[in-house]
Amino acid sequence: MKKVLIANRGEIALRIIRAAKELGIKTVVAHSTADEKSLPVLLADEAICIGPPPSGQSYLNIPNLLSAAIVTGADAIHPGYGFLAENATFAEMCRDHGITFIGPTPENMRALGDKATARKVAREAGVPTVPGTDELASVEEARRAAHEIGYPVILKASAGGGGRGMRLVHTEEELERAVQQAQEEARAAFGNPAVYLEKYIEEPKHIEIQVLGDGENVIHLWERDCSIQRRHQKLLEEAPSTLPWETRKAIAEAAARLARHVGYVSAGTLEFLVDKEGNFYFIEMNTRIQVEHPVTEMITGVDLVQAQFRIAMGERLWIQQEEVEVRGHAIEVRINAEDPEKGFRPSIGKVETLLFPGGPGIRVDSHLYAGYQIPPHYDSLIAKIIAWAPTREEAIRRMERALSETVIEGPGLKTTIPFHQKVLQNAFFRRGAVYTNFVARRMEM
Amino acid sequence: MKKVLIANRGEIALRIIRAAKELGIKTVVAHSTADEKSLPVLLADEAICIGPPPSGQSYLNIPNLLSAAIVTGADAIHPGYGFLAENATFAEMCRDHGITFIGPTPENMRALGDKATARKVAREAGVPTVPGTDELASVEEARRAAHEIGYPVILKASAGGGGRGMRLVHTEEELERAVQQAQEEARAAFGNPAVYLEKYIEEPKHIEIQVLGDGENVIHLWERDCSIQRRHQKLLEEAPSTLPWETRKAIAEAAARLARHVGYVSAGTLEFLVDKEGNFYFIEMNTRIQVEHPVTEMITGVDLVQAQFRIAMGERLWIQQEEVEVRGHAIEVRINAEDPEKGFRPSIGKVETLLFPGGPGIRVDSHLYAGYQIPPHYDSLIAKIIAWAPTREEAIRRMERALSETVIEGPGLKTTIPFHQKVLQNAFFRRGAVYTNFVARRMEM
Amino acid sequence: MTPKELKQILQALVEHGVSELTLETPDYKLTVRRGGEVQVVAVPQGLPTPASPPAPLPSPGPTGSAPVPPSPPAEAPQPEATQAEDSCAGCVEIRAPIVGTFYRAPAPDAPPYVEEGDRVEKGQVLCIIEAMKLMNEIESEVSGIVKKILVKNGEPVEYGQPLFLIQPL
Amino acid sequence: MTPKELKQILQALVEHGVSELTLETPDYKLTVRRGGEVQVVAVPQGLPTPASPPAPLPSPGPTGSAPVPPSPPAEAPQPEATQAEDSCAGCVEIRAPIVGTFYRAPAPDAPPYVEEGDRVEKGQVLCIIEAMKLMNEIESEVSGIVKKILVKNGEPVEYGQPLFLIQPL
């Protein structure tokens, strides 16, 4: 591999440039016209404009991206996260054009891409999933299933996500009406009234396992706790979790088993819900690098993006499971250009004054520079700050220290820093009592 | 300990603020009028002006510093490095005023403060020193000693340092004339003609051992290789060294033994020369935190400045020697406001554009901000960039990547970044063939 | 008014994006007009220059360091014929709507679609951009004279890159 | 109209998105036009403000957030009586040459050395600064009238902090 085309933007484009540079691979950043003056464009060896600001015409424009790789002589494409990262067709087209897609195989993606298939694969691999049904044919079927699973149960839209078409049902009396409502909502939202039913996990932790595979060997790099979410958006992640050792080990091994079952290639993440008793349920797999990958890098010392490159170049896994050593604790906060006091409303603008934290145990991943105009077309993540320390308590204090010295200012620009400061001070958070509805319940946001 | 007065400036003042914040200790920065708008002044809880720009009247002004601690209610003083850090009288005066001096005891400093006493202590502790004499009474005595030690030998001024009064002698024929010349130079430079004689170590590595002591227990945190120097100024440091394991262990244990012998308290560094055969010779001890302490923090995960605080608060050492675990490799470059193309001439000015590197394995310790005017009164260190990676080779490539994305610009402002880039590319450096005259010999600078 | 006061006033104009100002007082009358395309960067706080500049462009190659097209306004999603500002007053710029390889002729041995100085009609094919083995014909959006062909045959082009300058008739 | 007033007006225009303004008063006539393609980057490049501002000063305490003395020119190594700029035109400022605790009288029960309105001679003791149990007498560097005593009895003072304003006679 001589030259990689980066089919992404923002901090992850920069992250990929850094990995490639350290491996001696040349970089080409494919960018929209809105990102012409972005830091990745500046720091890459080359840059090529692939379309106008709307991502449908640029970062999702497969012909322009492939053409850009071809005309710049790139022999590989790194998709980052989001955009085309989990698009099996794109991965396949790369392969057809003799371009290495840095990520899993199209077959991996298809085996794990949609939730229903992934659940089936999990069951084959002996990994527990949330007990539930397929699409419900009738209220009667729902009643039988709910009885078997045990209340409370939750109804979900087959086509959907993001909370729409969802209904929590506590008793059999509520069920019929709830099914009807969920179907109506699902039809309105997704044009498809199909719903299914699942066991409702109360106050679960969102735990995800990082894996690395070379197609034969798969290792896990332990878990991340991503329970601090708001409307299914992760805001703060940490590793390791505060779960007991046995639970952590059981989940991690289950995840590696599942990934091994599909002959997984590259970096991937398996997401689980964990209830108060330590029961865990596989939900889905993300077949790509994740925003929160740095916390795993901080505690294991393994460079996950470099690992993606090396695996894509055909290298066999160079670390065995026993060699993965966890040291200390790491926390990442996602700094978004959003106003947490106004419902996390996006707050774009120009960054005029910028000061990032430094010193021991602090890592910053950000594409900001003083004078940068945040474009309104893309997501609002502008910086990730990661703090490492020997213990969780010290990592929290270090993160507080780091945020206290961070300055990201510009006219009208708001960030989620004050929100994170509140989370870090929260007594429940400090003792590790986090779960996916923490922000709603403990932060009242 | 509730509040610490920081009797220093620049990056180390910031480093101390960070450690104190993470420990919940309030900070007061004592500053000269020239540092009124410095980042440490901004980030501390309080600031107090203790004198005009010349350090003799501010950072070395003991009455003003003690008075500043008293009137601000600080119960401790951290001296940083340089200035009053190794001044036993100052440490004693702090004690007399009921203020905790964060560092070794005055007795520690006196036992190790000057080279001659430190050599004596080393011999008592069974730690080898460079074979040599005391002040020479006659040329005849020099002849006898040189014969015994074996040529080449080096003559040095008793009162001096920095190369003046030094003479390298290869054969007995050259000796008499060399003694006379050295005495004359020493008289001219230091007003004292006394010289002594030492074995000349060819192409030695400068290896220093980090220790932590609580007065009873002393542990070492392995070594740093500081061989990349120019005119005795360290420019780039790394840990671990490329020495064989047995040599590393022998030096580290000798250092810990010496520090234990004097009941050492706080963080300290023992400096050694190591010849090509792996023989090592103790030279001196620095009874303070060092500029290059971050490389040790990166590979061991131990926060050395926090450790100084905790020991000063009376805590017994909380890590045993067996628990000190080294992971990976770390390199620090000192970015000075100097022009390496013009004999490292200081280059002051205003920092207008500033972009520090980020991403995995990169740490930045710097008091710069965009708009900061570098004052002409103090030393030229403006930033330290530290790169960590699993191996030395990867750490070098990571540092190259980090420097390639660093921007420190202003009218007329030059930095040592281009120099470091050359060192990192040097084939001898890359294979670890470094020694104290590397810069002169391999870089021709 | 002292030179210092004038300086302060001018400074204020710059800071507040003022393009024109007239001020009459009993003591003086001041008129200031600042340039149309004025881009004032008081502090060089734009894109920083890294310690080692990006490697020089392997020519031919479309990159940020190649002749940069004046950035289209962020709101205009489609590259279009625009007023060319530089070499040809009144000319219309034809830009690449896709990424690919620029060919002046339909086949290696065929004559080019157009030459500099040719008269073209709106809708006439000017060149081909090959993208993923598909030949995309690029048509002129105006009738006029081809004043300049900005890209060499066989060179890669990026999205929005100017290809032709055409003087409308 | 002063440059400062003009600046305030311009500021208001920017804040309210005004592109053109004409103002006639008995004293002056002002016309301002903003916008066009003007892109001005006026960057606040001073000291950045951290996310959490430094804790408020435990009063009394001499810190950067206390009434800041106009910073003496970096070249002047010694704090000296300087022209006071703010409250008293033509006054001389007497500053603290050392760090310590400010006392207005030689002993707790003694009367103060000076009161506001007193006439003092050059060399006359104005106060004491206690530093490390030593009492340091601070003398007036000019003869004149004590216009203002800027520090309260018993308060800590930092190096260079203004203590007295004296109107020279």
Side-chain angles (χ1 to χ4, degrees), chain B residues 3 5 17 21 26-58 61-74 93 96-97 99 350-354 368-373 375-377 410, chain D residues 41-80 82 95-103 128-136 151-152 154-162:
Chain B
K3 195 194 264 190
L5 182 105
I17 290 173
K21 270 195 185 178
K26 293 279 176 204
T27 50
V28 187
V29 165
H31 64 91
S32 76
T33 51
D35 283 330
E36 208 169 29
K37 292 184 176 174
S38 71
L39 202 50
V41 167
L42 175 83
L43 291 175
D45 295 300
E46 291 175 53
I48 181 164
C49 182
I50 40 99
S55 46
Q57 294 168 64
S58 49
N61 185 331
I62 295 181
N64 272 8
L65 283 165
L66 285 176
S67 203
I70 293 164
V71 301
T72 57
M93 288 176 80
D96 292 347
H97 283 80
I99 294 166
K350 187 172 183 170
V351 179
E352 287 193 342
T353 311
L354 182 66
L368 295 188
Y369 58 84
Y372 178 65
Q373 176 77 45
H377 313 280
Chain D
V41 183
V43 185
Q45 265 240 342
L47 209 52
T49 319
S52 74
L57 174 66
S59 173
T63 82
S65 41
V68 176
S71 62
E75 294 312 302
Q78 276 303 110
E80 275 165 22
T82 52
R95 295 175 174 215
I98 56 169
V99 178
T101 306
F102 174 88
Y103 290 112
I128 276 174
I129 297 179
E130 183 199 337
M132 303 180 65
K133 289 162 199 158
L134 283 178
M135 297 298 167
N136 303 277
V151 182
K152 286 210 181 69
E155 274 188 1
V157 291
E158 66 182 338
Y159 171 84
Q161 185 171 343

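What you are looking at is a predicted structure, and each value in this text was computed from that prediction instead of being measured. What's counted below: heavy atoms across the whole structure, side chains too, no hydrogens, waters or symmetry copies. Just so we're on the same page: letters track the sequence lines, and every chain starts at 1.
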Residues which pass side-chain contact (heavy atoms from CB on, under 4.5 Å) with Asn61(B), listed by chain and number, not counting sequence neighbours: Pro63(B), Asn64(B)
Residue pair Ser32(B) / Tyr159(D), side-chain heavy-atom distance below 4.5 Å: no
Those residues that, when tested against Ile62(B), pass side-chain contact (heavy atoms from CB on, under 4.5 Å) (two or more places apart): Leu66(B), Leu84(B), Asn87(B), Phe90(B), Met93(B)
Gap separating the CG atom of Asp96(B) from the CE atom of Met132(D), nearest 0.5 angstrom: 9.0 Å
Among Thr72(B), Ile48(B), Ile50(B), side chain to side chain contact (heavy atoms under 4.5 Å, CB included) partner for Glu158(D): Ile48(B)
Val71(B) to Pro156(D) - nearest heavy-atom pair and separation: CB-CB, 3.4 Å
